[in-house]
> 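Below you will find the structure I want to go over with you.
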Amino acid sequence: MTQKVRTRFAPSPTGFMHVGNLRTALFEYLIAKSSGGDFVLRIEDTDQERYVEGAVEVIYNTLKQVGLKHDEGPDIGGEYGPYVQSERKGMYKQYAEQLVQEGKAYYCFCTKERLDALHESKEENGGGYDRHCRNLPKEEVEKLLAAGTPHVIRQKMPIEGSTTFNDVVYGPITIENKELEDQILLKSDGYPTYNFANVIDDHLMKITHVVRGCEYLTSTPKYNLLYEAFGWDVPTYVHLPLIMGKNEDGSVSKLSKRHGSTGFADLVADGYLPEVIVNYIALLGWCPKDNREIFTLSELAENFSIDGISKSPAVFDYDKLLWFNGEYIRAMSQEDFIGRAMPYFREVFPNGDRPWDVLASILQPRISKFTEIPEMVAFLKELPDYPADFFVNKKSKTNLENSADMLRAAIPVLEGLQSWTLDAIHDSMMNLVPQLGVKNGTLLWPVRIAAAGQVVTPGGAFEILCILGKDESLRRLNLGLKKLNA
RNA sequence: GGCUCGUUGGUCAAGCGGCUAAGACACCGGCCUCUCACGCCGGUAACGGGGGUUCGAUCCCCCCACGAGUCACCA
């Protein structure tokens, strides 16, 4: 009997979607969708101190932008709601108390101060909680409870033996029970801890595959002990290798803010396309059988399989991400490209019409991010101040003298053009070349320099003249001529 | 420090006992060319170390080294 796969993405509303979280969400989605399963969104807001206004919207927006559609969640409901943990607060207490009654958990009245002091003296007790309240006499517990003493509920962990679980990507993992401290299930504010709420919710929501970063690997036995205490079936565990960032000194550590733009929104603001981010992070820790690299989300879902998940951590590489972005841009239809680029075109040409297709044709193969556009075409808006020796180019066989000749020859020809189209400009200049008896470059180099005012330009002389328009082109060529004559 | 996991070029990675150890990014050449890109062609570059097992180890086992993660009333 194969039950329907159900995975869940359970972020905390922190107002920030880290790419590590996003990748976890992506893999959860892919694991579900690659087998026709369900992908559930659950908001884990049990830490009231870290609650951030509007953070849930960030989560919705991010998922929407990358196309990870959840089948159940706070906004769309579902069979197993509510999907926000703060709205389930009452349920956890009941389960925690059930364990207390069964003798599998107990009330702990230790103060924060005592616990902190315990931490200081790590060496003696092994670093963990000393189970001070584990065996308090019943009467004393009743008395403290009646007095309204603040308390938490902790689970009794086995003192001896070991716990083993099987992870789909890492294999069997065993941890000695003495490493496990009596974990807190219910906090003194009545909220469950992450670990506890997770288990309860995953069970109640019938989650079949628990997918998360492998920073949770060593705490998984605690989960199993909880499932065991309730007599529930344990889910399939899929731990994902960490995404690392490169530090200044060359070392690596878990990707975090100090590594640069590591939030989804940051990356988008930097000019990376949402679909590119998805494509790239899918390949961090996962590899398809055929080694393909370019995937849409639905293609990922078709090709995904858990056995392609790697065990070793992967370093987030902005160079590769940038390459992906460029590939996606180049693969766009020109129409699509123009649509996406228009806001940036407008930064340079706020008003009026321009030959957008020509502009697109020179930019599309050259940019890796749309955000590069304004700077790249700034010379079209304003002619840079440039030195005359830009006209000198050995390969094109140009010097100050013949450059002036070339401009003198080109100007009247261009002036006489009836229509200012790319073809017309092209043909007129190419026609002029044999008349002058020079090589293409000898004519085109000075024309391009005069038109652009810089040595390196996107596109060639024809495109630049075309985009500039007739008046501006002629103005610039005459200016160039003047510069050469001076 | 204890525990857990990991270790193939600078990076992502294929490999799952026998291969000249793929591919991609980056880098370096070349071609194309009015510059720069794109595109195409080519190149540099890797199995952390030591023991086993085996006819034979990148691949299986052990030890070491290194790296990372984790040890909260945070998730």
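These values consider heavy atoms only, across backbone and side chains, with no hydrogens, waters or symmetry-generated copies. Naming convention: chains lettered A, B, ... in sequence-line order (proteins, then strands); numbering from 1 in each chain.
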> To the nearest Å, give me how far apart NZ (K311(A)) and P (A13(B)) are.
13 Å
> Report the residues that fulfil side chain to side chain donor-acceptor pair (under 3.5 Å) with S361(A), sequence neighbours left out, ordered by chain and then residue number.
none
> Indicate whether OP1 or OP2 belonging to U70(B) is found under 4.0 Å from a side-chain N or O atom of K254(A).
yes
> Sequence neighbours left out, what pairs pass salt bridge (Lys or Arg N to Asp or Glu O under 4.0 Å) with at least one residue falling in residues 359-382 of chain A?
none
> Sort and list the pairs that fulfil salt bridge (Lys or Arg N to Asp or Glu O under 4.0 Å) and have at least one residue in residues 399-408 of chain A, not counting sequence neighbours.
D405(A)-R408(A)
> Please check if the side chain of T442(A) supplies one atom and the backbone of V438(A) the other of a donor-acceptor pair under 3.5 Å.
no
> What pairs of residues pass the side-chain hydrogen bond (donor to acceptor under 3.5 Å, both in side chains) test when at least one of them lies in residues 182-199 of chain A, not counting sequence neighbours?
R8(A)-N198(A), E44(A)-N198(A), Q48(A)-D189(A), Y106(A)-D182(A), R131(A)-D182(A), R134(A)-D182(A), Q155(A)-Q183(A), N195(A)-Y223(A)
> Verify, without hydrogens or angle tests, whether T398(A) (side chain) and K394(A) (backbone) share a donor-acceptor contact under 3.5 angstrom.
no
> Mind checking V447(A) for me? I need base, sugar-phosphate or nothing, with any heavy atom below 4.0 Å counting as a touch.
nothing
> Please classify the nucleic acid contact of Y280(A) as base, sugar-phosphate, or nothing, using heavy-atom distances under 4.0 Å.
nothing
> If the C1' atom of C71(B) is compared with that of U8(B), how far apart are they to the nearest Å?
32 Å
> If I pick the P atom on A57(B) and the same atom on C19(B), what distance separates them, to the nearest angstrom?
11 Å
> Below 3.5 Å is the cut-off: list the nitrogen or oxygen pairs between protein and nucleotides 21-23 of chain B, distance only.
residue	atom	partner	partner atom	Å
A22(B)	N1	N291(A)	OD1	3.2
A22(B)	N1	N291(A)	ND2	3.0

> How do I184(A) and K246(A) order along RNA chain B: which one's closest nucleotide is nearer the 5' end?
K246(A)
> What string of B, S and - do you get for nucleotides 29-41 of chain B, 5' to 3', when a contact is any protein heavy atom under 4.0 Å?
----BBBBBSS--
> Expressed in whole Å, how much space separates the P atoms belonging to C59(B) and G23(B)?
22 Å
> So which nucleotide does G10(B) pair with, by the Watson-Crick or G-U wobble rule with both distances under 3.5 Å?
C25(B)
> So, is S219(A) near the phosphate of C71(B), with a side-chain N or O under 4.0 Å from OP1 or OP2?
no
> Nearest whole angstrom, please: distance from the C1' of A14(B) to the CD1 of I309(A).
16 Å
> With a 3.5 angstrom cut-off on both distances, give the Watson-Crick or G-U wobble partner of C16(B), or none if there isn't one.
none
> Report which part of the nucleic acid T174(A) touches: base, sugar-phosphate, or nothing (heavy-atom distance under 4.0 Å, all strands).
sugar-phosphate
> Looking at K187(A), I'd like to know whether one of its side-chain N or O atoms comes within less than 4.0 Å of OP1 or OP2 on A75(B).
yes
> How many whole angstroms separate atom CD of E181(A) from atom C1' of C3(B)?
14 Å
> So if I take residues 370-388 of chain A and measure heavy-atom distances to RNA chain B, which residues fall below 4.0 Å?
none
> Output the rounded distance in Å from CG (L180(A)) to C1' (U4(B)).
12 Å
> Between F304(A) and W286(A) (judged by ring centroids, cut-off 6.0 Å), do the two rings come close enough to count as a pair?
yes
> Applying side chain to side chain contact (heavy atoms under 4.5 Å, CB included), name anything that partners H151(A), two or more places apart in sequence or on another chain.
Y107(A), F109(A), L145(A)
> Once you apply a heavy-atom cut-off of 4.0 Å, does L322(A) come out as touching a base, just sugar-phosphate, or nothing?
nothing
> Does U33(B) pair with anything, Watson-Crick or G-U wobble, both distances under 3.5 Å, and if so, with which nucleotide?
none
> Suppose we define a pair by two distances each less than 3.5 Å, Watson-Crick or G-U wobble; what does C38(B) pair with here?
none
> Taking the nucleotide of RNA chain B with the nearest heavy atom to each, does K222(A) or T193(A) sit closer to the 5' end?
K222(A)
> Just checking S188(A): base, sugar-phosphate only, or nothing, at a heavy-atom cut-off of under 4.0 Å?
base
> How many Å lie between CD on E176(A) and P on C71(B), as a whole number?
19 Å
> Can you tell me how far P of C3(B) sits from CE of M157(A), to the nearest Å?
18 Å
> Looking only at atom P, what distance separates G49(B) and A65(B), rounded to whole Å?
16 Å
> Which pairs pass salt bridge (Lys or Arg N to Asp or Glu O under 4.0 Å) with one or both residues in residues 150-168 of chain A, sequence neighbours excluded?
R154(A)-E181(A)
> Can you check the K112(A) NZ to A72(B) P distance for me, whole Å?
10 Å
> Please answer whether the main-chain N or O of L255(A) pairs with a side-chain N or O of H18(A) as donor and acceptor at a distance below 3.5 Å.
yes
> Under the 3.5 angstrom rule, does the side chain of N224(A) hit a backbone N or O of V234(A) as a donor-acceptor pair?
no
> With both distances kept under 3.5 Å, what pairs with A45(B), Watson-Crick or G-U wobble?
none
> Report the distance from atom CG of L255(A) to atom C1' of U11(B), rounded to the nearest whole Å.
14 Å
> Could you work out the separation of A46(B) and U7(B) based on their C1' atoms and round it to a whole Å?
12 Å
> Please list, chain by chain and in numerical order, all residues satisfying side chain to side chain donor-acceptor pair (under 3.5 Å) with E463(A), sequence neighbours excluded.
none
> For D336(A), check side chain to side chain donor-acceptor pair (under 3.5 Å) against everything at least two apart and list the hits.
none
> Could you work out the separation of A45(B) and G50(B) based on their C1' atoms and round it to a whole Å?
26 Å
> Which nucleotide, if any, forms a Watson-Crick or G-U wobble pair with G2(B), using both distances under 3.5 Å?
U70(B)
> Report the base-pairing partner of U54(B) (Watson-Crick or G-U wobble, both distances below 3.5 angstrom), or none.
none
> Answer yes or no: is there an ion pair linking D317(A) with K246(A), defined by an N-O contact shorter than 4.0 Å?
no
> Can you tell me, in whole Å, how much space there is between the C1' of G48(B) and that of G6(B)?
13 Å
> Taking the minimum atom-to-atom distance to the side chain of S12(A), which one of G2(B), C5(B), A75(B) wins?
A75(B)
> Sticking with atom C1', work out how far U53(B) lies from C62(B), rounded to a whole angstrom.
11 Å
> In chain order, what residues pass the side chain to side chain donor-acceptor pair (under 3.5 Å) check against Y328(A), with sequence neighbours excluded?
N279(A)
